[in-house]
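Source: prediction; values computed, not measured.
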Amino acid sequence: MSSEEKDAYVPSDVEAKWQKRWEERGTNTFTLDELRKAERPYFNLMMFPYPSAEGLHVGNIYAFTGADVHGRYQRLRGKQVFEPIGFDAFGIHSENFALKQGVNPMDLIPSNIRNFTRQLKRTGGMFDWEHTVDTTHPSYYKWTQWIFLKLFDAGLAERKEAPVNWCPSCMTVLANEQVIAGACERCGTPVEQRRIAQWFFKITRYAQRLLDNLDHIDWSESTRKAQGNWIGRSEGATLRFPILEEGGAESGEVVEVFTTRPDTVFGATYMVLSPEHPLVDRVTTPARHDAVDGYRSEASRKDLVARQKIDKTKTGVFTGGHCRNPATGEAIPVWIADYVLMEYGTGAIMAVPGHDERDFEFATEFELPIVRVVAAPGEGPDTPLTEAYVGPGALVNSGVFDGTDVRESVRAVTEWAAAHGWGDMRINYRLHDWCISRQRYWGPPIPIVHCDACGPVGVPESELPVILPRVEDFKPDASGISPLARVESWYRTRCPRCGADARRETDVSDTFLDSGWYFLRYPSTDFDDRAFDAELTNTWLPVDTYIGGNEHAVLHLMYARFLTMALHDLGHLDFEEPFVVFRAHGLITKDSSKMSKSRGNVVVPDPIIERFGADTFRMYLMFLGPFEEGGDYRDDGIQGPFGFLHRVWDTVLEAGDGAPDPDVERKLHRTIEQVTQQLPELGYNTAVAALMEYLNAVRSGGRAAVRAEIEPLVVLTAPFAPHIAEELWERLGHEHSIFDGANWPAFDPAKAAAEAVKIAVQVNGKLRGTVEVAAGADEATVVAAARADDNVSRHLEDMAERRVVFVQDRLVNFVVASTRP
RNA sequence: GCCGGGGUGGCGGAAUGGUAGACGCAGGGGACUUAAAAUCCCCUGGGAGCAAUCCCAUGUGGGUUCGAGUCCCACCCCCGGCACCA
């Protein structure tokens, strides 16, 4: 009785024991020497979390477990797996939370990190706690600033004015995602637009390379597509339209437009400038001045998001000015309208209402002329247009180009425009330069000193880091500049170049800069005199596998690729793509709906781990559904994996010696084959199912297992349930950690081969019976056996056999027709 | 509107063009037990039938095929992301 009690599976005991052991033995940590000498290095990366005050949520654990299972599998295959974790702790989330709670983020974050660390350790992740990063620690952001300086020195950072969302009530700049339907997400106040000088990284210079490389990196298809769309390459032309004086003479200035349909230029009946376009004042006539000004201030009052999302009916005003259409020679009116965005193309368009839906809508609204310049087959130059026509056809009303097929016309018209000096081929990208300035407190200060004489000067490397000072009053104010601008003692300094009085940059940088390079830092955290050590970086990078959420498909992953590429070009890295493999994991729901505090359906991990153990929790999460698609968490379901681990435990403890049963051994090798194939593909749910199936086979009819049947199962289960696997491995007599060695069982095809197979017998495609025959039996044998089946022969009676389809070891199909009328 | 992913039992989900529903949950019946828990065994898509067996069934409608959840065409719905991108 007492010995039975002692040997019952108590997850909390097993897990505490092994977490302690791993820490004591350094099972998961690398020394500097080990990092240097790794022979089969495998960098297993997962997206580091933002350490919220709420603590680790199920989504985090789901993602980390999926990555950890992968890492543990690689380790069981004999790789040295480096699996670091860190904290992405700067940013507006932390700052706003700290403001709300009335605490300083410098106090809040360390306590959040302690709590996260405690929780992460309980989940059984194979994390190297000797190589963590905390983006808010000066030893980390020193190098974030260093990277800024490298880009600044290379001319990849520039300061320019750009519009931002401004909430006049919260007195702060808002990110686009904080603006809901034109209002501040926190206080509901309508958001305005302000123009502020900001720092940008010139990621657009890398647009084509970022796009081209997508073809040869092994990433989730959805992520690659998202990046491709985000970069948004489009081929077209820039065309120049001369501005006309009020009398009709050319002024010598031009409005440049970008268009993907230069071939429709004969149908450009008016032009539209973005309200912010620098030539608006130039083209506006005195009579129209007030109207134009009114519209512009109205447009500027709208926030960026509302302007792009809400205004479905088009608005705009006539400037009074005209340009000459260089194709037709006619004067056409110039309007301004907010459906033309300053950020895209040249901020100005030629409007071709006949063949562009937006232009058609605008022209209809303001009664501007609509001219057909493309005719579909069966249509002529005068066929009326009831909507914009964007389909195939040939040019009409287009002078010498009449009759040119649209498949040819873009090239033909662009060449003609180029020959006459008013157009050029042009490739345009939707991708914008990366604005890294934040007029907030909780981020790394941008390491720049502004000097009246020298302009912006980079802080010398020897003076890094520029420490973020502890400030009690870090609340943003109406000025729209960073709270650091109120700390005179901090921002007053001397110009590093000329020594004159100067002022530090008071903006901090975007958190995406912190997270854009953290994977480079992990192997090199033992060094404080370099961001990343060349030798270690060459050993461990690029990252072998990166697993994370697709919510970062464009921003984080794009920025990380850009920084890597830029650092490569500057001679700091030997590779230009940071992540060889990237896999996006799915979303986990609760009872088929998204987890959220408002729904009250958030799954809290701690009590689950207490009750069932981390092993069961991990296994259940991986069993819910395909890892790359997500799954639905239901409280009851956890009983499955819980019972499974209990049975594994009992089976191992009760196992005797002896030869394995041949049927069980066959099943074992099929299981090894399946699991070995599915783990690298992240097919976790079906791999777990295979393990369960195998255990059912081992225990079927209440039979007792022998050691040779059950020991391999312990190894196959180890990636999912590492603690219990260690414990059972030890009880099976092994001295070293199950993860210290290539313990993955070998698949033996000979042992997996079946002697007999069941074959489906169909008549006209309908199943009428099954027959058991020797594996590999030939057609004649199988067909004879099939005919001998009573039910089959009944269906073949009075039928004319047309043909017999035979699939080896799978099926026979008799194709027949009735002989009765 | 555009891009991506989906639609299969009561539920989560399995199925290289070849026996649809693996595995698990929930439910039902039974064994063991004084009892309960744990464990083990059996049943569980719908319909007809005493049964053998038959019919229906993977969002809808067509098509290809000896054979379609899987391939092709059209459509409907759900989820995620982007959105006046010229």
- Query: P atom, B/U60 versus B/U53: distance in rounded Å?
  - Reply: 29 Å
Rounded to whole Å, the CG-C1' distance (A/Asn685 to B/G12) equals 10 Å
Item to check | P atoms of B/G7 and B/A14, separation to the nearest Å | outcome: 9 Å
With syn defined as a glycosidic angle within 90 degrees of 0 and anti as anything else, the base of B/G81 is anti
Checking A/Asn325, A/Val265, A/Val272 against A/Met350 for side chain to side chain contact (heavy atoms under 4.5 Å, CB included), the one that qualifies is A/Val265
Using the P atom on both, measure B/G81 against B/G21 and round to a whole Å.
36 Å
Rounding to the closest angstrom, what is the interatomic distance between B/G4 and B/G9 at atom C1'?
29 Å
Whole-Å distance, A/Glu779 CD to B/C66 P, equals 16 Å
Check every strand shown and say whether A/His795 touches a base, only sugar-phosphate, or nothing at a heavy-atom separation below 4.0 Å.
sugar-phosphate
* Within the pair A/Lys225 and B/C3, is there a side-chain N or O less than 4.0 Å away from OP1 or OP2? -> no
| request: Determine: side-chain N/O of A/Arg803 to OP1/OP2 of B/C66, distance under 4.0 Å, yes or no. | output: yes
### Task
Look at all strands and tell whether A/Leu624 reaches a base, only sugar-phosphate, or nothing, counting heavy atoms closer than 4.0 Å.
sugar-phosphate
task = Select base, sugar-phosphate, or nothing to describe what A/Pro626 touches, counting heavy atoms under 4.0 Å on all strands.
result = sugar-phosphate
Nearest-nucleotide check on RNA chain B, A/Ala689 vs A/Gly643; residue mapping nearer the 5' end is A/Ala689
Point to revise | Residue-phosphate contact under 4.0 Å: A/Ser234 side-chain N/O, B/A86 OP1/OP2 | key: yes
Distance test, side-chain N/O of A/Arg810 to OP1/OP2 of B/A15, below 4.0 Å | no
Exercise. Has the side chain of A/Asp636 got a donor or acceptor that lies under 3.5 Å from a partner of the other kind on the base of B/C25?
Worked result: no
| Whole-Å C1' distance, B/G27 and B/G80 | 34 Å
A/Glu357 CD to B/C2 P, in whole Å, measures 10 Å
Between B/C73 and B/A22, how far apart are the two C1' atoms, rounded to whole Å? 32 Å
A/Arg703 CZ to B/C40 C1', in whole Å, measures 15 Å
Taken to the nearest whole Å, CD/A/Gln227 to P/B/G81 is 17 Å
OP1, OP2 of B/A83 versus side-chain N and O of A/Arg430: anything below 4.0 Å? yes
Pairwise P distance for B/A37 and B/U44, with rounding to whole Å:
24 Å
For this session: Would you tell me if any nitrogen or oxygen in the side chain of A/Lys758 comes within less than 4.0 Å of OP1 or OP2 on B/G18?
Result: no
- Query: Do the side-chain N or O atoms of A/Arg699 get closer than 4.0 angstrom to the phosphate oxygens (OP1, OP2) of B/C40?
  - Reply: yes
note: A/Glu681, atom CD; B/A14, atom P; distance rounded to Å ~ 14 Å
Whole-Å distance, A/Asn696 CG to B/U39 C1', equals 13 Å
Could you give the distance separating B/C23 and B/A15 at their P atoms, to the nearest angstrom? 13 Å
So, does the side chain of A/Lys594 form a donor-acceptor pair with the base of B/C79 at under 3.5 Å? no
Main-chain N/O of A/Leu211 paired with A/Gln227 side-chain donor or acceptor, under 3.5 Å:
no
*asked:* Is it the case that the side chain of A/Asp615 and the backbone of A/Ile724 share a donor-acceptor pair, with hydrogens and angles ignored and the cut-off at 3.5 Å?
replied: yes
Could you walk me through whether A/Tyr620 and A/Phe642 satisfy the ring pair (Phe, Tyr, Trp, His ring centres under 6.0 Å) test, starting with their C-alpha distance in whole Å, then the side-chain angles of each, then the deciding distance to 0.1 Å, before giving a yes or no?
CA-CA 8 Å; A/Tyr620 180 45; A/Phe642 190 56; over 10 Å; no
- Can you label the angle between the A/Phe362 ring and the A/Tyr339 ring as parallel, tilted or perpendicular, going by 30° and 60°? tilted
Rounded to whole Å, the CD-P distance (A/Gln762 to B/A20) equals 7 Å
What one should report as the nearest heavy-atom pair of A/Phe612 and A/Ile638 is CZ-CG2, 3.6 Å
Note: A/Thr346 and A/Val257 closest approach over all heavy atoms is OG1-CA, 3.3 Å
